[in-house]
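Beneath this line is the structure, given in structure tokens, with notes to follow.
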Amino acid sequence: MLPEIGNLALAFALGMAVIQFIVPLVGLANNQWRLVLLAKPAAIAQFSFTTLSFVCLALSFYWNDFSVAYVANHSNRELPVIYRLGATWGGHEGSLLLWVFLLAAWTFAVTSLSKSLPAMTRSTVLAVLGGVSVGFLSFILFTSNPFDRLLPIYPLEGSDLNPLLQDPGMVFHPPLLYMGYVGFSVAFAFAIAALIEGRVDSLWARWVRPWTQAAWMFLTLGIAAGSWWAYYELGWGGWWFWDPVENASFMPWLIGTALLHSLAATEKRGVFKAWTTLLAISAFSFSLLGTFLVRSGVLTSVHAFANDPVRGTYILIFLLVIVGSSLALFAARGSKVSVTGWFNFLSREFLFLINNLILAVVTITVLLGTLYPIITELMSIEDMSVGEPYFDTVFTILMTPLIFLIGIGPIINWRSHKMSDLIKRTRWAFAASIILAFLQAFMAQDRSLVDQFQIFIGIFLVFWVIILNFSDWWKRSYRGKSLTGLFRRVSLSSMAMYTAHIGLAIVTIGVVLSSNLSIEKNVRFGVGDSHDVAGYEFRFDKMSEVSGPNYDALRGYFTVSQNGNDIAVLHPEKRQYRASGQQMTEAGIDSTLTRDLYVALGDQLPHSDDWAVRVYVKPYIYCLWLGSILMALGGLLAMMDKRYRKKNRIIKEDADE
Amino acid sequence: MNKQLLWLPFAAFIILGLILYSGIGKDPTKLDSRLIGKAIPAFSKSLLLSDQTITEKDIKGPALINVFASWCPACYSEHPYLMELSAKEKVVIYGLNYKDDKQDALKFIDRLGNPYNMIIFDNNGRLGIDLGVYGAPETFVVDKSNTIVYRHVGEVNERVWTNIILPKMLGTEGQ
């Protein structure tokens with residue numbers, strides 16, 4: 001019964017989405033205001049039905065209804081409740097339902113938080129969002145229905161969720177990531193509405209900014225959570241693999257970051273208007289492209305869902321319709337919104353331009369690298385993919401100047417800035433960063449010259465950004481008075497900027513030091529053995545059998561000591577899941593700010609009680625997640641700024657931001 | 001601003017769309033074309049359920065060679081359909097137990113049933129490499145002269161069987 005209700009709700013949601021999409025646009029074309037105003041109730045109804053449908057699927061998991069094919073394929077009675085709920089989005093069909101559910105939720109948020117918008121703009125925005133919903137809802141209903149039943153004969157037991165996904169990471173990572181992906185649809189809809197109305201101004205930018213910041217915040221957290229999950233769950237010690245699906249989530253993030261900055265320029269100075277709308281369209285287009293890549297089977301990846309040409313064709317057509325028509329609209333109407341403002345060579349506008357240019361080039365580079373296998377095949381060169389070396393090299397070269405600019409960005413004024421003043425304000429930070437970077441590189445003397453050089457550049461950038469951002473913050477707020485001024489005397493937007501920039505610098509510490517200074521060893525361990533890795537003494541105390549709720553495991557006990565003091569106990573496991581019989585390696589990790597100790601069990605060596613064990617010592621890798629959280633916090637602070645909630649009037653600008 | 005320039009993103013997107021379209025339906029892990037139309041590579045392996053040896057000469061086409069393993073989750077969902085194929089459609093299926101632990105593989109067959117005529121135990125994955133296997137499940141279609149005519153990557157289900165594999169099998173019987 002429940003799955004039928006869910007299915008029916010989904011069909012009703014589609015009906016509502018069609019109304020939400022078509023009726024307001026018809027009304028706008030014929031000046032029928034009653035029709036235009038229908039957008040809001042239709043959006044609310046669509047949200048209610050989608051929610052009902054999502055709840056039905058989650059409950060089917062909760063009640064172990066294995067007559068539903070999707071539940072039978074992704075769950076099991078022994079699966080702990082939290083993973084059963086997580087399994088709702090553990091496969092292709094359910095994750096799509098999560099996608100439309102979140103899309104409806106963002107739409108609902110627009111209806112309730114847009115009272116200050118002109119009714120016409122609001123209805124257009126809702127109509128565009130409705131159009132996107134129509135595409136996804138019919139995709140689910142016609143090609144990937146999660147409510148399909150296995151009747152009359154259904155299994156008594158489900159075939160279990162992939163053990164890789166049985167992890168808290170699975171519960172948080174997809175919803176956060178999708179909140180980000182889908183969130184860009186709001187900026188997208190605003191851009192389309194602006195192009196239709198032929199008007200992009202400060203007010204428009206101010207409406208769009210908090211929505212973009214919110215989506216960007218979720219996407220940042222989602223990517224970080226995914227990276228963290230890969231790090232401790234896959235047992236390879238890596239945290240980023242340039243896998244097509246990782247790239248698919250990274251591209252919207254890069255474009256979203258560019259959009260955040262160009263929106264700021266559009267709001268404050270009225271420049272880059274056409275470019276900003278193009279970025280708003282692109283950010284969401286890249287989210288859709290990501291969906292296509294994951295589900296069409298055109299690329300191989302550890303994440304890919306299904307190798308199904310029917311679904312692939314559907315999403316491609318959908319992509320062509322949505323993105324193609326948006327870009328055509330942009331081409332036809334873009335000149336209406338474009339203006340020429342003036343700014344000097346050394347000005348904040350110019351820095352934003354460089355920032356946007358670099359981020360766009362990085363995105364295109366990642367895109368080309370990701371699609372390389374398809375392109376080579378098309379040109380019938382041998383089937384191959386470009387790997388990590390390509391991405392690492394290009395990415396490092398492009399990001400270095402970008403991070404350098406983050407240091408001076410907050411200092412430079414809008415319109416124009418004197419070079420002599422810039423030098424005066426940055427020379428001490430420059431000298432200090434050089435010295436600190438030199439010291440750090442000097443400490444890594446045992447490394448190759450290339451490594452030392454990379455460390456030098458990386459650490460220089462880190463201190464450059466942190467010192468300049470923090471000193472600027474200090475200078476503007478503290479003024480020799482109380483420390484609380486740091487938080488009271490600057491606007492939330494400025495604080496958000498400093499926080500996010502410092503967060504990025506901290507991520508850079510993690511990237512540079514963990515990739516250049518990590519120690520990795522494969523060691524043969526017998527019970528009672530000790531091995532020294534990078535000054536840490538790893539002792540294998542014992543091995544015991546443990547049982548989890550749905551798996552049996554061998555658990556190793558390792559004690560780590562340094563200079564004779566025990567500092568950590570690690571419990572790596574080798575799990576066998578009962579339902580599927582699959583084996584999983586669970587790494588044992590001890591984290592502090594300055595280093596991670598990481599132990600993963602390999603295989604038991606033949607004819608002995610010894611084990612092959614991978615031991616890693618990874619300095620500063622914790623900074624990756626810490627920095628990402630700071631960046632997301634930046635997004636949160638930015639969208640909480642009071643001026644976004646003021647009524648529909650232009651507020652006197654604070655020229656400093 | 002030059003108005004033509006505004007069409008640039010649209011044009012770039014259309015090119016991207018064409019590239020993506022060319023990728024659809026093609027299998028990114030498709031078999032090297034040199035193996036299609038060739039005989040099964042020579043091998044000598046032991047059987048999973050007994051200690052007898054099996055070689056390429058023991059394979060009698062037309063048949064399917066299904067690559068499976070107990071560590072592969074999709075194999076669990078594929079298995080019931082293979083049971084159905086061998087029982088109802090009388091399809092000859094050879095199993096290729098790929099890079100598996102013998103006890104785990106036996107447990108797998110014990111629990112889910114045995115749709116296979118014979119199961120080749122490829123513990124070191126050597127035969128899999130010769131066949132160009134990337135993972136499990138994969139299924140090879142072999143005609144009656146023991147020539148490989150098709151390779152399917154991923155699960156075999158009813159849709160794959162009727163739309164893809166059966167036509168290939170019928171094609172071989174016509175020869």
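We name chains A, B, ... by the order of the sequence lines, and we start the count at 1 in each one.
The number of heavy atoms from other shown groups lying within 6.0 Å of CG (Asp51(B)) does not exceed 12.
Taking each heavy atom of Arg111(B) and Arg578(A) in turn, the nearest pair found is NH1-O, 3.9 Å. When all heavy atoms of Ala332(A) and Trp7(B) are compared, the closest pair comes out as N-CZ2, 4.4 Å.
Contact of Leu16(B) with chain A is made through the side chain alone, with heavy-atom distances under 4.5 Å.
The shortest side-chain heavy-atom distance between Arg333(A) and Leu6(B) does not fall under the 4.5 Å cut-off.
Scanning residues 317-329 of chain A against chain B with a 4.5 Å heavy-atom cutoff picks out Leu319(A), Leu320(A), Val323(A), Gly324(A), Leu327(A), Ala328(A), ordered by number.
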